[in-house]
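Notes follow the structure.
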Amino acid sequence: MDRSTEEAQTKEMDIRSLSSSHHHSQSERYIHKVGVPPKQNLFKEFRETLKETFFADDPLRPFKDRSRSQKFILGIQTIFPIFEWGRKYNLKKLRGDLIAGLTIASLCIPQDIGYAKLANLDPQYGLYSSFVPPLIYAFMGSSRDIAIGPVAVVSLLLGTMLQNELDPINEKAQYQRLAFTATFFAGITQVTLGFFRLGFLIDFLSHAAIVGFMGGAAVTIALQQLKGFLGIKKFTKKSDIISVMHSVVASAHHGVSSNFILLLLRIKFSCTGKKNKKFFWVPAIAPLISVILSTFFVYITRADKQGVQIVKNIKKGINPSSVNEIYFSGDYLLKGFRIGVVAGMIGLTEAIAIGRTFAAMKDYQLDGNKEMVALGAMNVVGSMTSCYVATGSFSRSAVNFMAGCETAVSNIIMSCVVFLTLEFITPLFKYTPNAILASIIINAVIGLIDIGAATLLWKIDKFDFVACMGAFFGVVFSSVEIGLLIAVSISFAKILLQVTRPRTAILGKVPRTTVYRNIQQYPEATKVPGVLIVRVDSAIYFSNSNYVKERILRWLEDEEEEVKAATYQPRIQFLIVEMSPVTDIDTSGIHALEGLHRSLEKREVQLILANPGPVVMDKLHASSFTSLIGEDNIFLTVADAVSSCAPKLVEEQP
């Protein structure tokens, strides 16, 4: 017997065994048909969809079956969570919060002075922003670990966008007013997103894009600090690396003494506390100690008269009112709104990411929408008390966490220390050299460059890595706004690509089971003779319906070519579409299936659907598509569909 005859007999035996197994299974079990869900009331269906979209966490659940007085108390606790956890507050928690608050205060004071310079504002505005906003957040925020204040990325973003509109030196008063206006609208944006439960919008900025954007911003911030670190007087207003390096090279003779370079290295390597959690306070207090030592050194040597640039005067006293300085009309209103929306979104993204990280570590829930309202409220109040945009600081929050904070009271402690600083200590910062502030900022932003995360992105998803690098190089070589635009664009491009080009796969039968899986993932899975099984891994909408139809037909064409090339291989007579991953379908998708059915009819191939979900089945039934292909061609499982094809294949064998 020759080999071709053996193959023919083998194929025939496979088909007949499939048929016999079908008859055997028919006697043992009943093949269930896919049920059509009962019709729902249109208003009820719309309400359920709306609830799932905006109120998935069911925020009103605690208010059910409560008296009016209880509902009032719960309402107050919802807006001001401090009245809920404050009842359980004790001296043990106060001890942890006191240590944490004092520690982050020692870190935030020198950082705030430096970050204000990033935003092209006077030093006291950085301190103002660590006084009022943390107090508001402590009453309204739901995170126990987040530390509030100015942050490097938002300060840089705000400073860059503001100076595109006004000169911070020649138009100082208008510049400050525009900063307060932007802060006001940043807060309004955040409150609006939280109140209308639109927090999911910030999720459109992917993790990969954030990693790249933060890394690029860190490099840009570090380069910007070369102005203060090297004592350069004429420095570019642009933030791209080429312009900055040109300014550095052209002004290299304005260098500062090597003492400050050694001081920078000392601060950088003072972070050895990371190796031992007991010494977390070492890197936390190092900036303040460095400021004290360098200020004392400049004062006793009068190095400021030798060309070392110093902070000079920091205005004494707490925040003055700035309500009358916010632009509520005129051309600067729209400019402040535009800048505020961008700064507010970036601030939200950073704060929510930080809050979720530490909430996961301590195993408690963080309400994203409450956080947005709290962050927005503190920025609205802050804009009226001479503050600029504040948000959650990762470096300070990490120190707060390691210092053993228990609640948001650590923010109140920090705020009180800043208050005392503003009232009594600010004159002592007069001789603080700009170089040490620059080195503190460089040391703070180095942690934003996450090489490990970028490496992981390369290993897991190359497209994510491209998004990361696009955002990074956009910030470094162009500007913060361009980098942000690239980050958002690439994030949307990835979503569109996944929606418009969904994955499809050929399924085969896993040996000794009735399970059908992707033959690329399971090479041992075998195709069923005469049957092509295709799985669509996405909802079928107008954006991808035509692609899905064409891709399935290409699979069929490829399979038919293989059949022709093989000997004694039965032609494809059935095409089974596995619909389990198809969560939804619209009219365009149904039209695509109708077009697929017509194309298959011309080829004498029967279309069969396996396991369409309730939403899909309801729409297929409403459109009469089930009648078009026949109710008996829709099955609960792929195994049922294959077993129904077996006798038909056997009957057609010669």
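It should be emphasised that the depicted structure is a prediction, and the values quoted were computed from it without experimental measurement.
- Using the six-membered ring where Trp is involved, Phe358 and Phe401 have ring planes that are tilted, between 30° and 60° apart.
- Under 4.0 Å is where a charged nitrogen must lie from a carboxylate oxygen, and between Arg338 and Glu481 no such pair does.
- A salt bridge is defined here as a Lys NZ or Arg NE, NH1 or NH2 lying under 4.0 Å from an Asp or Glu carboxylate O, and Glu524 with Lys509 fails to meet this definition.
- The number of heavy-atom neighbours closer than 6.0 Å to NZ of Lys462, taken from other residues, nucleotides and ligands shown, is above 12.
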Applying side-chain contact (heavy atoms from CB on, under 4.5 Å), run through Asn544 and Arg501 and close with a yes or a no. CA-CA 6 Å; Asn544 62 21; Arg501 294 294 183 267; 5.9 Å; no
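- Remark: Lys494 pairs with Asp461, Asp464 by the salt bridge (Lys or Arg N to Asp or Glu O under 4.0 Å) rule, at least two apart or across chains.
- Few gaps surround OH on Tyr364; more than 12 heavy atoms of other groups in view lie less than 6.0 Å from it.
- Atom CZ of Phe394 sits in a sparse spot, with 12 or fewer heavy atoms from other residues, nucleotides or ligands closer than 6.0 Å.
- Checking Ser143 against Glu371 by side-chain atom types alone, no donor-acceptor pair falls below 3.5 Å.
- Side-chain contact check for Ser491 and Ser206: at least one donor-acceptor pair (N or O, by modelled atom type) lies under 3.5 Å.
- Heavy-atom contacts from other residues, nucleotides or ligands closer than 6.0 Å to CZ of Phe72 number 12 or fewer.
- Crowding of Phe139 atom CZ: a count of heavy atoms from other residues, nucleotides or ligands under 6.0 Å not exceeding 12.
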